[in-house]
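Just passing along the structure, written as structure tokens.
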Amino acid sequence: MNGEVPASVQGIYDEVLRRNRGETEFLQAVQEVLESLAVVLDRHSEYTEMKTIQRICEPERQVIFRVPWQDDRGEVHINRGFRVEFNSALGPYKGGLRFHPSVNLGIVKFLGFEQVFKNALTGMPIGGGKGGSDFDPKGRSDAEIMRFCQSFMTELYRHLGEYTDVPAGDIGVGAREIGYLFGQYKRITNRYESGVITGKGLGWGGALVRTEATGYGAAFFAEAMMEAAGESFDGKRVTVSGSGNVAVYGVEKVHQLGGTAVACSDSSGYVVDEKGIDLEVLKQVKEVERGRVADYADRVASASFVPDGSIWDVPCDVAMPSATQNELDGDAAEVLARNGCRYVVEGANMPATPDAVRVFRRAGIAFAPGKAANAGGVATSALEMQQNASRDRWTFEHTEARLEEIMRDIHARCSATAAEYGSPGDLVLGANVAGFLEVAEAVHAHGLV
Ligand code: NAP
């Protein structure tokens, strides 16, 4: 990837740009995929003829709706809800809901577009979609969160179904919100349709390992990359940005695999703990008290809190950006390279900017894009759907073994595809091409729909 769209797909990009102006993140994600696809068109003229790429770049359906709700003082608020049903060639639309003030159509489309390829890479029968709202859950009471979720679902339910569209959580949407959303869906439809949403509580259709899946999966993916280079996590220093669902369980698995996670963050700053992040304290602060990372530093003597600056200034062997999109730019990538970082594994969706990816490439840093490395979450969601469909419940060990197998398989497919298409070791190209081929074949088979 050199930051330029190859001539054979330039026309496609220009058209996407013309129709989606101002949707910065979506355009960035499309450009990154198109940069990889010229080599595919050289071998598959049918995709040019049938405009397969253009069709995959256009969502099948986009829903935008009003979400009115009342806070605890009786004040009325109006938020905007989104669901982008991007592609259903491989199965029902599948992808999370994000509640964050930054959410807009361009962000939801970028996430939905990435999700299409990610879901294809898992090898599971799921299409791609994404949704959310510009609602800010920070500082809201449980009752306010419930009222918002109920209002959101009162509109969204008509677009969902276990064979149609199956949401899950994402930033700002965890087990509590999934509970309220599922409850309202059940109430409106009068159906106990477990497979309509994933990330459910264990007592009512949820799957073991779903909570841990994305972070664990990213660590398994990192381990597979290291093994390919004859290395392991043993003795490696790791920085993990964020301290949400992906980051916490990324840290947990890194430790289990022999590495030491020495830093994590949230939007208020980062903490460094040279002894290794104490997971018990981190989980208490983040999952129980819903506090800030500074509270961690207050309780752990070996830790310090840095309110300004960048977590990427902390020297490490492995960086796992696991907070949000475009959080690691070119300058931060230069610092990582100078400090001897050797692996960057995206736990979040598109956390590294195109400039950062160029720096990694130049510096010989092995880089795993999110659509491959963080696919463990959605893969385990698909395992949850499998268990719901068969009215079964699997053990933690069995589910984790399936997750590890899926992550290793994704790594192997991306590596093999990169080599087959003339760029050995390029996991960005490998993921884009392998994901695209899987979707394109099904799109082609279904005719012009
Ligand atoms: P989460 O539990 O809500 O945690 C997000 C973390 O990132 C929090 O620590 C948050 O800090 C931080 N963060 C969010 N926006 C930020 C911003 N603009 N600047 C700085 N920090 C920010 O979310 P998550 O589920 O871990 O998701 C993290 C990333 O992984 C997202 O890109 C998501 O799309 C991706 N992902 C998640 C899953 C999954 O299964 N959860 C699966 C695949 C991909 P504050 O609390 O201070 O905001």
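Note that the numbering runs from 1 along the sequence shown for the chain. When a ligand or atom number is given, it counts from 1 through the structure's own listing order. Hydrogens, waters and symmetry mates play no part in the numbers below; they use all other heavy atoms, side chains included.
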* Compare Ser102, Ala323, Gly347 and give the one whose heavy atom is closest to atom 29 (C) of ligand 1. =>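 Checking each option, the heavy atom nearest atom 29 (C) of ligand 1 is found in Ala323.
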* Atoms of ligand 1, numbered as shown, that sit under 4.0 Å from any heavy atom of Asn374 ->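 Close to Asn374: 43 (C), 44 (C).
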* Using a strict cut-off of less than 4.0 Å between a Lys/Arg side-chain nitrogen and an Asp/Glu carboxylate oxygen, indicate whether Arg358 and Glu334 qualify as a salt bridge. =>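 Between Glu334 and Arg358 there is no salt bridge, as every charged N stays at least 4.0 Å from the carboxylate O atoms.
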* With atoms numbered from 1 as shown, which atoms in ligand 1 lie under 4.0 angstrom from a non-hydrogen atom of Arg210? ->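 Answer, ordered by atom number: 40 (O).
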* Looking at ligand 1, does any of its N/O atoms fall within less than 3.5 Å of an N/O of Asn349? ->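 Min N/O separation from ligand 1 is below 3.5 Å for Asn349.
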* Under 3.5 Å, is there a donor-acceptor pair between the side chain of Thr122 and the main chain of Asn119? ->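 Answer holds: yes.
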* Ala348 heavy atoms, cut-off 4.0 Å: which ligand 1 atoms fall inside? ->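 Listed by number with element, the hits are 29 (C), 30 (O), 32 (O), 35 (C).
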* Looking only at N/O atoms, are Gln325 and ligand 1 under 3.5 Å apart anywhere? ->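 No, since none of the N or O atoms of Gln325 sits under 3.5 Å from an N or O of ligand 1.
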* Ion pair present between Glu280 and Arg299, side-chain N to carboxylate O less than 4.0 angstrom? ->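 No, no charged N to carboxylate O under 4.0 Å.
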* To do: From the options Gly244, Pro321, Cys264, select the one whose nearest heavy atom is closest to atom 8 (C) of ligand 1.
  =>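 Minimum heavy-atom distance to atom 8 (C) of ligand 1 goes to Gly244.
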* Does Lys138 come within less than 4.0 angstrom of ligand 1, counting non-hydrogen atoms of the residue? ->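 Yes, Lys138 has heavy atoms under 4.0 Å from ligand 1.
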* **From Glu400, Glu404, Glu252, residue fulfilling side-chain hydrogen bond (donor to acceptor under 3.5 Å, both in side chains) relative to Tyr216** =>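 Only one of Glu400, Glu404, Glu252 forms a side-chain hydrogen bond (donor to acceptor under 3.5 Å, both in side chains) with Tyr216, namely Glu252.
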* **Charged N-O contact under 4.0 Å between Glu155 and Arg66** =>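 So Glu155 does not pair with Arg66 through a salt bridge.
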* **Test item, Gly169 contacting ligand 1 (heavy atom, 4.0 angstrom)** =>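 Gly169: no contact with ligand 1 (<4.0 Å).
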* If you measure from each non-hydrogen atom of Asp266 to ligand 1, which part falls under 4.0 Å: side chain, backbone, both or neither? ->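 Asp266 to ligand 1: contacts from backbone and side chain alike.
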* Can you list the ligand 1 atoms lying under 4.0 Å from a non-hydrogen atom of Arg98? ->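 By the 4.0 Å cutoff, the relevant atoms are 31 (C), 32 (O), 33 (C), 34 (O).
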* Regarding Ser268 and Asp266, is there a side-chain donor-to-acceptor distance under 3.5 Å anywhere? ->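 Side-chain D/A pair, Ser268 to Asp266: present.
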* Is atom 10 (C) of ligand 1 in close reach of the protein, with a heavy atom under 4.0 Å away? ->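 Given the 4.0 Å cut-off, atom 10 (C) of ligand 1 does not count as touching protein heavy atoms.
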* **Note: Lys186-Glu193 ion pair, threshold 4.0 Å (strictly below)** =>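 No, this pair does not count.
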* **Electrostatic pair Asp136-Lys138, nearest N-O below 4.0 angstrom** =>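 A salt bridge is absent here (no side-chain N lies under 4.0 Å from a carboxylate O).
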* Asked: What protein heavy atom sits nearest atom 33 (C) of ligand 1, and how far off is it?
  ->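 Sorting protein heavy atoms by distance from atom 33 (C) of ligand 1 puts Asp170 OD1, 3.1 Å first.
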* Between the candidates Thr198, Thr211, Val246, Thr380, which shows the shortest non-hydrogen contact distance to atom 26 (O) of ligand 1? ->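 Going through Thr198, Thr211, Val246, Thr380 one by one, Val246 has the nearest heavy atom to atom 26 (O) of ligand 1.
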* Nearest protein heavy atom with distance in Å, relative to atom 18 (N) of ligand 1 ->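 Its nearest protein heavy-atom neighbour is Thr324 CG2, 3.7 Å.
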* Could you tell me whether some N/O pair between Leu111 and ligand 1 is separated by less than 3.5 angstrom? =>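 Leu111 vs ligand 1: no N/O contact under 3.5 Å.
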* Check ligand 1 against Ser267 and write out every atom of the ligand that is under 4.0 Å from a heavy-atom position of the residue. =>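 Atoms satisfying the 4.0 Å criterion: 11 (O), 20 (C), 21 (N), 45 (P), 47 (O), 48 (O).
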* Could you list the atoms of ligand 1 found under 4.0 angstrom from a heavy atom of Ser243? =>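 Counting from 1, the qualifying ligand atoms are 9 (O).
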* N/O to N/O below 3.5 Å, does that happen between Ala247 and ligand 1? ->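 The answer is no, given that Ala247 and ligand 1 share no N or O pair closer than 3.5 Å.
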* So is there a nitrogen or oxygen of Lys118 less than 3.5 Å from a nitrogen or oxygen in ligand 1? ->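 N/O-N/O distance under 3.5 Å: no.
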* Salt bridge between Asp72 and Arg147, side-chain N to carboxylate O under 4.0 Å? ->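 Looking at Asp72 and Arg147, the cut-off is met.
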* Can you list the ligand 1 atoms lying under 4.0 Å from a non-hydrogen atom of Gly172? ->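 Heavy-atom distances to Gly172 below 4.0 Å select 3 (O).
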* **Pairwise side-chain contact, Thr198 with Met385, heavy-atom cut-off 4.5 Å (strictly under)** =>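 Thr198 vs Met385: side chains touch.
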* To do: Name the closest protein heavy atom to atom 40 (O) of ligand 1, giving the residue it belongs to and the distance to 0.1 Å.
  =>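 Result: Thr214 OG1, 2.6 Å.
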* **Arg237 and Glu274 ion-paired at < 4.0 Å** =>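 So Arg237 pairs with Glu274 through a salt bridge.
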* Between Arg292 and ligand 1, is there a nitrogen or oxygen pair with a distance under 3.5 Å? ->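 For ligand 1, there is an N or O atom that lies under 3.5 Å from one belonging to Arg292.
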* Do Ser302 and Asp273 have a side chain donor and acceptor closer than 3.5 Å? ->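 Short answer, yes.
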* Give the ring-plane orientation class for His77 versus Trp69, where under 30° counts as parallel, over 60° as perpendicular and anything between as tilted. =>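 Parallel.
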* **Presence of salt bridge, Lys200 and Glu384, under 4.0 angstrom** =>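 Salt bridge present between Glu384 and Lys200.
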* Asked: Taking non-hydrogen atoms only, is Ser241 closer than 4.0 angstrom to ligand 1 via side chain, backbone, both or neither?
  ->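 No part of Ser241 is near ligand 1 at this cut-off.
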* Asked: Which of parallel (below 30°), tilted (30 to 60°) and perpendicular (above 60°) describes Phe99 and Phe135?
  ->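 Phe99 vs Phe135 ring planes: perpendicular.
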* To do: Give the residue and atom name of whichever protein heavy atom lies nearest to atom 25 (O) of ligand 1, and the separation in Å to one decimal.
  =>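 Heavy-atom neighbour on the protein nearest atom 25 (O) of ligand 1: Asn245 CB, 3.8 Å.
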